[in-house]
Number of protein chains: 2
Amino acid sequence: MPYDAGTTWGPTVNDLGMPDMNARLTVRDRNGAMHQEIRQRICLLDYAPGTRLSEAALAQEFGTSRTPIRRVLAQLEDEGLVQSRHGVGTIVTDADINELAQVYRLRVELTELVGRVDPVIPGVEFLDRFDRLVARGAEIIKSASPHEFTRFDMEVFHALLELTANEPLRQTLERLYFQTKRIWLKTAIEAQLDLEEEFRIFHHELEAIQLALRSCDLQAVAHIQRAHISMSFKRLQLQNT
Amino acid sequence: MPYDAGTTWGPTVNDLGMPDMNARLTVRDRNGAMHQEIRQRICLLDYAPGTRLSEAALAQEFGTSRTPIRRVLAQLEDEGLVQSRHGVGTIVTDADINELAQVYRLRVELTELVGRVDPVIPGVEFLDRFDRLVARGAEIIKSASPHEFTRFDMEVFHALLELTANEPLRQTLERLYFQTKRIWLKTAIEAQLDLEEEFRIFHHELEAIQLALRSCDLQAVAHIQRAHISMSFKRLQLQNT
DNA sequence: TATTCTTACGTTGTACACATCTTGTATGTC
DNA sequence: GACATACAAGATGTGTACAACGTAAGAATA
C-alpha cells in the first residue's frame, strides 16, 4: 500500500479554500508526518521491540528514496526508539524493567511540573473536548482491544499536554511517553496483567481529572496523573516478579 | 585546517596498548564526536546565532562527504541549535528573552531533581576532581576570557551531571544546558553585564557546592545549583530591561 | 558427525550527481 | 532614476550506485 501524502495529512492541498500561502513548508511536514507515523506504529506494537525495519521497504511504502527515510530513522534513533547497526538492520529497541523504571521516575516528576510551570487555564472548548474523550473512553472499555485502547491513551495524553505552555517541557514529556508506553504495554501483556482492569482504572483517572479540570485546579490534574503513572508501573512491577 | 580524526578523540588508535577489540564502533563514535565538536562551537559562540553553516565546508573540514555532516546537522536541528532552510542554508538559531525564560524555568526544576532521583554518592576520586576544578576556577577568574570561561563552565556542568545515575534526566539536562548557555552568554555580552562579577559569583557557587559535596548532601548541591541558575537569569533579565 | 572455513546475500553507511529552492545582482523598461 | 523582471550562483533536499559490514547457509575436512 503506497503512502498517499496528499490526502491524509499534508498541507499540500489545503482543506480550506485558502490559496496555499504556506504550502511550501511541505518538505519539513512530510518528514514530521513520516516520523509520527512510524513512531505510532512502534508505540502500538505494530513494530514490536526486536522488529527489523527495512529502509528500502519503508522508502517504497512512503514513496520516496532511502534518504528521507534515513533522516527519520536517525531521529527515532536519537529518541531511543530504534537502533541502527551497520550490516544488520534498524531494530526497534527493547528495555528491561530497570531501564523502564528510570524513565518512569523522571516521567513522574515531570508530569507534576505540568500543573506548576506555565500552566494554561483550559477554555470551554477544551473542557468540552475532554468531556467527549471521557465518554469515548467509557465506550472503548467495552471493546477493549489493546491496540485501540493505546491509540486512545495517546490521544488523551496529547490533550492533557496542552495544559502547559512550556514547549521544552512538552517535548520532553512526549519523548518519555513514547519511550515508556510501548514497553509498558508489551510487558503488561507478557506478564498477563489484567488489561480490562487497567482500562477501568484509566477511565476512573479520566473522571478524576475531569473533576479537577472543572475546578480549574491544574496542580490537582497533574497530581492525579502523577499518582496514576506511578501506580500503573508499580502494578506492573508487582505482577512481573 | 583539516580535522584529524585519529589523534584527538577517536578510539581508532587506542591510547592504551590494548588490541582494538572495540575499535569497530568508530562509525557511531565519529558522528558523536563531530556532533560534540560543532555543538561546542555553537555554545562557545564560535558559531554565533545567525551564522550560516555550510555543509560543504564542514564536510571538507572533517574529511567526509556531506552525508555524515547532514546526519549531525539534523541531530542539532532536532535539539534546536540550528535550523536548515532549503535554498538558504543551515543557520544557528537565536532565541528571544521569552523563549529563554521558558527553558530556564524547566532547567531550574530539573536541576533540583538531580539530588533526588537516582542520586550517586560521589567517591573520593570525584571529590578530588572537583577540588581541582575549584582551584582551576580561581585561576580562570583572572584571565577572564568569556570563551575560556564558558569552556570551564561546560566542564563543571558535565562533572556535576554525574551525580545522578538517571540517564534520561542527564540527557534532558544536557539538552537544556546547550539551549540556554550560548543565548545567556550572547545576551549577557550585549547587555554589558559585568562578566567578571558573574565569574566571581560562579566561583562562590563552586565553593558552596564543594562544601555540600563533602557533607554528601546531594540535595543541597542541587538546591545550590538551582538557586544560582535562577539568579543568573534574573540578573540578566534585570540588566536587559 | 562435528567443526571450521568460505561464500553469498542483505543491510546500513558513504559519496556523488542532480533537482529544487532562495537570494542577490544585473539588465531592461518606463 | 525607480522599478520590475530575468538570471545566475549557491544552498539544501533527493535519488542512486557503490563500499563496508555482519550473518547465515553450505561446503570441505578432520
Side-chain angles (χ1 to χ4, degrees), chain A residues 2-3 5-6 10-12 20-35 38 42 47 50-93, chain B residues 2-3 5-6 10-12 20-35 38 42 47 50-93:
Chain A
Y3 195 78
T12 337
D20 46 2
M21 294 282 293
N22 38 9
R24 293 168 189 172
L25 303 177
T26 21
V27 184
R28 182 181 249 84
D29 290 342
R30 199 184 51 137
N31 277 2
M34 289 196 298
H35 169 75
I38 297 178
I42 293 175
Y47 297 151
T51 305
R52 235 183 44 198
L53 304 182
S54 164
E55 295 181 354
L58 287 172
Q60 189 172 8
E61 178 190 348
F62 287 92
T64 70
S65 77
R66 279 178 56 211
T67 309
I69 296 292
R70 284 180 60 76
R71 166 72 174 84
V72 171
L73 289 181
Q75 191 176 351
L76 290 170
E77 182 165 21
D78 293 335
E79 295 169 8
L81 297 185
V82 303
Q83 184 175 13
S84 293
R85 276 188 296 177
H86 193 176
V88 180
T90 301
I91 290 134
V92 178
T93 55
Chain B
Y3 194 78
T12 335
D20 46 1
M21 295 281 294
N22 38 8
R24 294 168 189 173
L25 304 177
T26 22
V27 184
R28 182 182 248 84
D29 290 342
R30 200 184 52 137
N31 277 2
M34 289 195 297
H35 169 75
I38 297 177
I42 292 174
Y47 298 151
T51 305
R52 238 183 40 196
L53 305 182
S54 164
E55 295 181 354
L58 288 172
Q60 190 172 8
E61 177 189 349
F62 287 92
T64 70
S65 77
R66 278 177 55 209
T67 308
I69 296 293
R70 283 180 61 76
R71 167 73 174 86
V72 171
L73 289 181
Q75 191 176 350
L76 289 170
E77 182 165 20
D78 293 334
E79 295 170 4
L81 298 185
V82 303
Q83 185 175 14
S84 293
R85 277 189 295 177
H86 193 176
V88 180
T90 301
I91 291 133
V92 178
T93 57

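Here is how names work: the chains are called A, B, and so on, in the same order as the sequence lines, proteins then strands, and each is numbered from 1. All of these numbers come straight from a predicted model, not from anything done at the bench.
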_Sequence-distant partners of A:Glu55, salt bridge (charged side-chain N to carboxylate O under 4.0 Å, His left out), two or more places apart_ = A:Arg66, A:Arg70
State which residues pass side-chain contact (heavy atoms from CB on, under 4.5 Å) with [X]; sequence neighbours excluded, sorted by chain then number.
X       : answer
B:Ser54 : B:Ala56, B:Ala57
B:Arg71 : A:Ala74, A:Glu77, A:Asp78, B:Asn31, B:Gln75
A:Arg52 : A:Ile91

I need the [atom1]-[atom2] distance between [X] and [N], as an integer number of Å.
X       : N      : atom1 : atom2 : answer
B:Asn31 : C:dG13 : CG    : P     : 9 Å
B:Glu55 : C:dT20 : CD    : C1'   : 14 Å
A:Arg52 : C:dG10 : CZ    : P     : 11 Å
B:Gln60 : C:dA15 : CD    : P     : 13 Å

*Hey, does the side chain of B:Thr93 reach the backbone of B:Leu81 with a donor-acceptor pair shorter than 3.5 angstrom?*
yes
*With a 4.0 Å heavy-atom cut-off, tell me which residues in residues 69-91 of chain A come close to DNA chain C, sorted by residue number.*
A:Arg70, A:Ser84, A:Arg85, A:His86, A:Gly87, A:Val88, A:Gly89, A:Thr90
*Classify the side chain of B:Arg28 versus the base of C:dG13 as yes if they form a donor-acceptor pair under 3.5 Å and no if they do not.*
no
*No-H, no-angle donor-acceptor pair, B:Arg66 side chain to D:dG13 base, under 3.5 Å*: yes
*asked:* Side chain of B:Pro68, heavy atoms from C-beta onward: which of C:dT12, D:dT12, C:dA15 has the nearest atom to it?
replied: C:dA15
_Tell me whether the side-chain N/O atoms of A:Thr67 come closer than 4.0 Å to OP1 or OP2 in D:dT14._
no
*With sequence neighbours excluded, what pairs up with A:Ser84 under the side-chain hydrogen bond (donor to acceptor under 3.5 Å, both in side chains) test?*
A:Thr90
